[in-house]
Structure formats: C-alpha cells, structure tokens
S.K.: 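Have a look at this one.
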Amino acid sequence: MVELKSAGESIMSQLFAGDVYNSSVYLKRCFPEIRSSIVTAIGQDNLSNKMLKCFESEDINTHFVFRHDNKAPGMYLIETDETGERSFTYWRSDAAARKIVDFLDAYTLAQLSSEEMLFFSGISLAVIEKRSRESFWLKLKTLKDAGVKIVFDPNYRARLWQSEDEAKCQFENAFDLADIALPGVEDLSALYGINSAEDVIEFLKLFGIQEVVVKNGPESVVTFDGDKYLSHHITPVADVVDTTSAGDAFNGVYLGARLSGKTITDAVQLGALAAGTVIQHTGAIAPYAAFKNAMAETYL
Ligand code: AMP
C-alpha cells in the first residue's frame, strides 16, 4: 500500500508498506541469495510505477506484480495526535491488489508451482474480493499439490472483516492447507478465546500443521515441529519506539532462515533479533544500515 504520514506542517512523507511486503524486505536483507517475489496487482499510474521501483530497490523479484488497467494501489494515512497516539485512515476498498486472483492464470500458476514456498496472511485473505475466494483456494491447493510449502500468518485485523465468523471460516481454510503457521497469540484470542501459546498450538494441531511458531510480543516464542514443543526466550527491548511490523520482520527472517536450512531454534533467534531491531525505529521498514548493523553480529 501507499503510506502517507505527516512530516511537519503542510508536509506529507510518502512510503510503501504492507505486511507481506515488509516480510519480503526483511527476508531479502538477511538472505540476499534467496529469490523473494511479491505476488500482487498494481495500476498503470505514477504511484504504481514508484511502488514497482521501490520493490526493485529492495531487490525483490517483481515478475509476479501485475498491472491492472484501471485500478490504483490502496493507500493509508497515519496521523499522530498531541499525546503521541497514532490513528490510521484507509482508502483500499477499490485497490488493484483486490483483483490479484484474476491474474493467476494457468501459466502463472505453472510458474509459481516451481517455487519453494508461498506466504500469505489474513490481511491478504481479507483483501481478495469475496467473489474470488473459492478460486483462490483452488489455486492454492494446486500449488500445494505441486509441492509448494504453504505458509500462513492470520494477522487478524477485525475491521477488515464483516464478522468474526467470516474471518474464522477463511482462516480455517488457510489452516487446512498450511504447512507452516506463524500466528500471534492475539490473533487467536480475539477470534477463538485462546489465550496462551501452548493452547494456540493445541488448536492448530487439529489441522495437522507440521510447523507452528507462536509469537507473543516480548513473551517467549513457542514452537511445535510436528512432534515436540519448545519455548524460546525473547530478550525484551527496553526502548520500544514503534511496534509496527515486528511480526512481519520476524516472519520474513524466520522463513529466510528456514529456507537456508537453519533449525527452528536458530530461525526463531534470528527472527526475534530482526523484530527487536525494527521496533527501535519508527515505521514498518527500518533504515537499511541500522538494520544490517544489528544483524551483522549474527554472521548471517
Ligand atoms: P508480536 O507481533 O507483537 O507478537 O511480535 C512479534 C515478535 O516481535 C515477537 O515474537 C518478538 O520476537 C518481537 N517483539 C515484539 N515486542 C517485543 C519487545 N517488546 N521486546 C523484544 N521483542 C519484541
């Protein structure tokens, strides 16, 4: 999405952000040897051109970024009041990205079938038009049957859904297909009244998910590898500036680490370090040099 933020009187700064994009950026910054592609739709307008350039500047593959003839990207405005409280206004009901399923034809699916992993979130699901949902699930099943690992983070945002039942129904389709789930405790407590990481894993076991990583802010990350639980200590960050995209950074770096053959334990440590770094900066995307410096001590 296009992000607008006040940068002083009568000045607006303009960036690009979105949960899956954020994850892709952090994956690529830590694991440049992994090809990371974004699957989305943008428009023919100037902001869309800038968005594409932004993806390229982060070394993200744009082969699966499609151009809609007459839609433009979604946009949001961040405002901060005198107490520092932030509020968001969104314009996304007519965003090009809502049409993405229309672009996933047989040829594109065949290309995606040779990829190793496909990651999507509850926000991706909420964005896809209702009329395309059935088609989306069929296409995802085609990819899974072709051997693509399916990864899902529920990233529940109540205001994107008409009802809790609607969100639960879509999430349960995703849990049925997922090989890896990266939920936060918050996601499932809001929808299912589940309040601990262990109970999240018990719930997701019902769907047969082989790898589950449960995030819980500064609390321990709890994982399940299809056999056993592990609890991973997180060192709380003392000077949290902005928690935007903590989970996204964690996801991107965790998945990059797993794709590079690292163990679940090492991948959690790397994901947590990335997330802990990002929350010490404002905005979704931390400055390149500061982020790289923080990760340098891990000898990635
Ligand atoms: P969340 O989406 O809030 O559950 O956070 C995702 C990840 O960001 C967590 O699993 C932690 O690795 C990291 N994180 C979030 N908040 C903090 C914090 N206050 N201190 C250190 N790490 C954090």
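In listed order, ligands and their atoms are each counted from 1.
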S.K.: Which ligand 1 atoms are under 4.0 Å away from a heavy-atom of A272?
M.R.: 12 (O)
S.K.: For atom 17 (C) of ligand 1, what's the nearest protein heavy atom and its distance?
M.R.: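 Atom 17 (C) of ligand 1 sits closest to the protein heavy atom I279 CD1, 3.5 Å.
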S.K.: Test ring-ring contact (aromatic ring centres under 6.0 Å, His included) on F171 and F152 and set out the steps.
M.R.: CA-CA 9 Å; F171 285 8; F152 179 62; 5.7 Å; yes
S.K.: Which bit of V237 is near ligand 1, meaning a heavy atom under 4.0 Å away: side chain, backbone, both or neither?
M.R.: both
S.K.: Between F55 and F16, does the ring centre distance come in under 6.0 Å?
M.R.: no
S.K.: Can you tell me how far apart CZ (F136) and OG (S124) are? Round to the nearest 0.5 Å.
M.R.: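 The distance works out to 7.0 Å.
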S.K.: Could you tell me the residue and atom name of the protein heavy atom closest to atom 7 (C) of ligand 1, and the distance to it rounded to 0.1 Å?
M.R.: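 Of every protein heavy atom, A275 CB, 4.0 Å lies nearest to atom 7 (C) of ligand 1.
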S.K.: So, for F103 and F64, is the gap between ring centers shorter than 6.0 Å?
M.R.: no
S.K.: Should you measure from each heavy atom of G247, which atoms of ligand 1 turn up under 4.0 Å away?
M.R.: 2 (O), 6 (C)
S.K.: For ligand 1, is any non-hydrogen atom under 4.0 Å from N216's backbone (N, CA, C, O), its side chain (CB onward), both, or neither?
M.R.: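 Only the backbone of N216 comes within reach of ligand 1.
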S.K.: Output yes when D81 and R86 qualify as a salt bridge under the 4.0 Å nitrogen-oxygen rule, no when they do not.
M.R.: no
S.K.: When you measure from atom 22 (N) of ligand 1 to every protein heavy atom, which one gives the shortest distance, and what is it?
M.R.: I234 CG2, 3.7 Å
S.K.: Short list, please: which atoms of ligand 1 are under 4.0 Å from a heavy atom of T235?
M.R.: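 Listed by number with element, the hits are 21 (C).
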S.K.: Under 3.5 Å, is there a donor-acceptor pair between the side chain of D242 and the main chain of G283?
M.R.: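 It does hold such a pair.
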S.K.: Relative to the heavy atoms of V240, which atoms of ligand 1 are at a distance of less than 4.0 Å?
M.R.: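 Within the 4.0 Å cut-off of V240, ligand 1 contributes 19 (N).
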S.K.: Taking the side chain as C-beta and beyond, is there a heavy-atom pair between W137 and L125 under 4.5 Å?
M.R.: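 Touching, per the 4.5 Å side-chain cut-off.
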S.K.: Do G217 and ligand 1 have an N or O pair less than 3.5 Å apart?
M.R.: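 Yes - when backbone and side-chain N and O of G217 are compared with those of ligand 1, one distance drops under 3.5 Å.
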S.K.: Within ligand 1, which atoms have a heavy atom of V221 less than 4.0 Å away?
M.R.: 10 (O)
